[in-house]
Amino acid sequence: MEGIEWSEYERRVVDTVKWCQERNESPLVWSIEMGKWATQVPSPDLGQVLVSHLCFQNNTPSLWKFLEGAMSSGLLFPVQVLSLLSASIIPHRRSQPEAYSLYLQLLNRYALSFNPVVSDVSRQTIINSVDRALKLSEIYDIPVLELGHVFVLFFFSVIIGLIDSVLDDWGLLQSSLERPSLAFGNTNSKDMDIDSKQSNNLARKEHHEELRTKNSFMALEVLGKLTESKKSLLLLRLIHLNMPKKFNGLLCSLQLFKAHHLASSDLNPAKQLLARFSANIERVVDFVHHLDKRQLIGMLVDNGPPCRPVSQLNFESAFSACWVPLDIYMENVMDGKQLVKSAIDVIAEVVITLQILNQASWQETFLALWLSALRLVQRERDPLEGPVPHLEARLCVLLSIVPLAIAKVLEDEDQVYSPSALGNSMSAYEKAHALRKYGLISSLQVLGQFSGLLCPPASVVNAANIAAAKAATHVHNSKNEKGSGPGYGNHGQGLMKAGGNMRHLIVEACIARNLIDASAYFWPCYVVASAITPSDTSPNQNSPWSTFMEGASLSSSLISSLVTTPASSLQEIEKLYHIAVNGSKEEKSAASKILCGASLRIGWNIQEHVVRFVVKLLSPPTPLNSGPRSHLVDHMSMLYGILKEASLIDTVHILSLHGVVPEIAASLVPLCEVFGSLEPTSRNKSSKGDEPNVYMIFSLAFLFLLRLWKFYKPPIEQCITEHARAFRGELTLEYLLLLRNSRSTSFQYETNSDPDHIGCISDKAIYIDSYPKLRSWYCQNKSCVASTLSGLSSESPVHEVSNKILNMVYSKMTITGSSSSGSPASTGEDTLQRPMLPAWEVLEAIPYVLEAILTACAHGRLSSRNLTIGLRDLVDFLPASLATIISYFSAEITRGIWKSVPMNGIDWPSPQAILLTVESEIKEILAAVGVNIPRCSYEASQIVLPLPMAALVSLTITFKLDKSLEYIHAVSGPALENCSSSCPWPSIPVIGCLWAQKIRRWHDFIVVSCSRSVFRQNKEAVAQLLRSCFTAFLGSQLAATTSLSNQSNVNGLLGFTISACSIHPFVAPGFLYLRSCRTIQNVQYVNGVIVGLVAEYAQKLSVRWERKECRRLKSSQASLCLATTKAKEIATLGASLLCIAGGFQLVQELYTETIPTWLLSSSEAESKHGEVSAVSCVVEGYAMAYLLILSGSIMWGVQVQQPNWLFTRRARIVEIHMDFLAGVLDGNISLGCHPSTWKAYVSCLVGLLVKFAPAWIQGVNPKTLRTLASGLRGWHECELALSLLERGGTAVMGSAAELVNVTS
């Protein structure tokens, strides 16, 4: 209405009120007369005028009675009237105690009265009226657009207003200054003045005071009544979930009430009322929706924990299926691939996710983690010997990475669902932390029952015995302090010694990180009695580290002892670091060698500190008065020692597991830039010797840097396979540096040493553009890989350098050719031919040298033998040249422009002697895992390789199998495997045979490696291998003679050992899949295969259950629980294999393409297998929903707090899938699957989201959520629909409130 119209309307309504009051009309007449001014029902305008007239000019009983009748009859909208009354009366409750009393009575009756069915005009007027009265938009900082919003916020505002009023009346409101409060909760000074002016009569004052006291108690009583119904509980829960900070204000008030209730005897009469109200609020925090267990979907979604109790026999096999993602991840990181993200962070995130999804206790969770890590170590008992990480890296996971991951879990303060669950105190967090700590301790105690996994490998027996002896000594000393106990006898004669096992090492690792204390030594059966001599009781008494800390000089014998003995404390490592930075040349070299020795490889209790010191030594501090020469030159001996020792395969992998690959890359960049720009100081210094020289340090640093990403991959290939590879961990140097820059401060740590000696890792950003020499090579390498070389001008400096290198290479060929022994040993004449050039200039010229000698060989002007000699001399001259050789040959092999050469043993080495044997063994390995491929038959003359491939493999087999050359093998091995995959079959067996002939003890490893190549392009082989993985994991569950209670088997999937002791190597299907999945070219194909297998096996198992135990399945909760557990196991395996194969991108495709396609096309599968039962369809839908949820959970977690980029991407992916489901429910998309499958999938997906990943829901479009909720209501899943809406954020609170009003 306009201003004049409103004034006239208001006047007429007031006149009618006065007329009715003067005539003392009955409520019926009041309603008839007042109804004349209601333009629509309910009438918001009428309510506005009446309340403004009532407060407080016409505070008469008749008008109050009319208000009640009008709200009851629907003439007035209760929420609007009560909102207006709240804003007017609560602040003036002391001056108007009668009105406040009547208001409380109306509030008690009509606060929860809500009818959302009103006309559009009235709806908006009511919304605006309530919003203005209670300042909802201002206080809650959200747009109030719906009546449901108004209802929720009105109810919560009234609750807060009443609490504030009671606190203010009792003088408690000001005692908590930081507690949030609403605008009308307290009494202002103006109200107090009005009260004093109007209360001159003493009797009236006493009456008012008595009424005020009574009103405070009445307000508490009303609070108790308003919050006791399920409807009010659900309304408050909407605030609790979507506005946690506001709800914390309510908890704050409750805490304030309780504190003063305990401290003040004056509040004793309110004790019962307060307890009632408190109990109601606690119900809001603890409330969980329970679906209808009488319906199959409700039983599936609300099914209890899938894991069996710890006390059950056969615990290991029964329990492992729930936690197979841990086993798969741990085994997967053992393939030697560098990790960008720390394994500590990944394992901690996966542990938290699986604990939630498995609904497991922390004891079960930590026990499962220990068992997975122990199985990882046990699989190395009979390893395949080869250039891959072995036992040291696996022990690093068990004894360093896992304890550090547990420490991260214990320190995790993030709440998965909502931070409001903690209230206003840390007691809830402290309780949760205590539960986790107790779970860890009890898991370590229970771990002693798994003796089969605790037997230490031979190389660890001594360390385990030392740990056990340490515990026995501690127990003995403790007994002696308290008096000799039974069984221990006299000192030195009755000491006890425990037989050392892996649990002793695990406990020591936990004690070292303050996860537990030394009381663990007193656990039952931890120390097992056996007599020992007194000298055995002090395992560290002759430690070389004690000698070192006492100040002994670093003699050769002491250095040898320190290299082979791990340090036991951080102080020892700090002193070593100080010597490495500030000592003499000899001391620097020794200290670096010691640091990268046993302390880094097997110093599990302090390994994370050693790792960080190694990274720091790669970037030695810059002196204050440094001249124009780089300070790095002064540290050549130290850098040489660090780079040489840290380049070992197991050592690099240990560094990778600790997540320092980006930091190492950033440290190596300046080393490469500096040493690659220096000229060698002497012609007689060979790059193959043990003396540090410019070329050797550059080569070590450069090849180390290149090992961190696949530098030889063509950019075009990365573009073509972007979806398959970009998110599978294949890196670029730029990305590594950006990652390091983004987290440069995360590795800073505190020590007790002088900060001048132990400085923090520099947080200065490092970019490749700041290093022109490295950037020039980097760009040249990408160009060389992407396209053929362009011609060089004869006047070009590169042309001049190329000629010098060619002269050196041809000179070597001539000398070697005339030598009777054919030895590549250098002579004095040879050294004079070597050019004295900076390494960067040499690398720039090498592609042109390679093109020249390869062309000469192709045209017969250069023999294959001389080609190999020339290449080897080039690597001997500058080992870093191997990188350019690999890049150039890899590109040329890919381009396919070179002729093939016969591997006949005359011109080139021949694999003929063992080729058929190797192929037969490959076929046997594949057949053992259910993969059948046709065998190729060919003659010796048909064994050919492309010329660049033949040259590359001939070069690599000239390298000796020596530990000092591991830095060479670590670069050439993966590159050789990648290059061979670009050649036609049987190139890979041929190359494998050539290597197997050279290094016979690598035979089994090479055969297994060759067997992986089948899966690169053969889709059928991939499908067969995946099917074998499911069969091995499920074991004999599918056999008709086996009962349903048989458990799945992780050992069947990954194997007890990597290679069984047999004539031919054997690998489990899961192990072979993990080593092969990253090389599958069309990795999207894996998605479809896994989804199909999950659906197939879920249906097969459910069909068995239904046929044999149909009645039990329908009537027994236990049977359905078991059936659900099996479906979860199938989905868990599928999710784990899928995430490992394709990572983030494959999971995204699962959400956006694969599952929708499965829903659209499932009818074809049903037509193949005939009609399926409804129960099978339901279980299939449940398994697929669990597959989707678990895959996403593994990739991006279920926590509320996530990095912005991850939250945004997760929200987009989940929203796309939910939009698809909403489109089907709207009728815009037609499905091909069974209706029962569709209903089960949607219902279970929503149920699992609400239960395990509620944080995902807030990123979904509100319209989509409303559509899904409407569809669920149509299926009579109202509780599920409400659970979905209440997690959808403030945007759908209104819809949730309307649904609450309907269902409650």
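Residue indices begin at 1 and follow the sequence shown. These values consider heavy atoms only, across backbone and side chains, with no hydrogens, waters or symmetry-generated copies.
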R283 side-chain N/O to E228 backbone N/O, donor-acceptor pair under 3.5 Å: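 Judged by distance alone, yes, a pair lies under 3.5 Å.
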Using modelled atom types only, decide if a donor and an acceptor are shared between the side chain of N108 and the backbone of V222 within a distance under 3.5 Å.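 Checking the backbone N and O of V222 against the side chain of N108, no donor-acceptor pair under 3.5 Å is found.
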Indicate yes or no: at least one non-hydrogen side-chain atom of [X] is less than 4.5 angstrom from one of [Y].
X	Y	value
L82	V158	no
F247	I281	yes
L147	V79	no
H1217	L1245	yes
I1229	L1159	no
W1196	F1144	yes

Taking all atoms of both residues into account, what is the closest heavy-atom pair of [X] and [Y], and its distance?
X	Y	value
A360	W323	CB-CZ2, 3.6 Å
A111	L226	CB-CD2, 3.7 Å
I1257	G1288	CG2-CA, 3.9 Å
E1180	A1095	OE2-CB, 3.3 Å
L76	G47	CD2-N, 3.6 Å
S1236	C1177	CB-CB, 3.8 Å

Would you give the length of the straight line joining atom [atom1] of [X] to atom [atom2] of [Y], rounded to the nearest 0.5 angstrom?
X	Y	atom1	atom2	answer
L1231	W1158	CG	CH2	10.0 Å
L1268	T1264	CG	OG1	6.5 Å
I139	K246	CD1	NZ	7.0 Å
L1248	I1189	CG	CD1	5.5 Å
I1130	L1034	CD1	CG	5.5 Å
S83	K135	OG	NZ	14.0 Å

Under 3.5 Å, is there a donor-acceptor pair linking the side chains of [X] and [Y]?
X	Y	result
T1290	N242	no
Q80	S129	yes
Y140	S157	yes
R1209	Q1148	yes

With side chain to side chain contact (heavy atoms under 4.5 Å, CB included) as the test, would you mind laying out the steps for V1246 and E1277 before giving the verdict? CA-CA 11 Å; V1246 172; E1277 298 287 354; over 6 Å; no
Just say parallel, tilted or perpendicular for the rings of F151 and F154, cut-offs at 30° and 60°.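 Rings of F151 and F154: parallel, as their planes differ by under 30°.
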Is the F1030 ring parallel, tilted or perpendicular to the Y1097 ring (thresholds 30°, 60°)?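 If you compare the ring of F1030 with that of Y1097, the planes turn out parallel.
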Pair E146 + R1266: basic N to acidic O under 4.0 Å: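 Salt bridge present between E146 and R1266.
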Between the side chains of E1129 and K1126, is the shortest nitrogen-to-carboxylate-oxygen separation below 4.0 Å, so that they form an ion pair?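 Yes, K1126 and E1129 are salt-bridged.
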Tell me, yes or no, whether the heavy-atom count around D141 atom CG, taken from other residues, nucleotides or ligands under 6.0 Å, exceeds 12.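 No, CG of D141 has 12 or fewer neighbouring heavy atoms, counting only those of other groups under 6.0 Å.
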Per the side chain to side chain contact (heavy atoms under 4.5 Å, CB included) rule, which among L241, L235, L236 passes with V284?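 Considering L241, L235, L236, a side chain to side chain contact (heavy atoms under 4.5 Å, CB included) with V284 is found only for L236.
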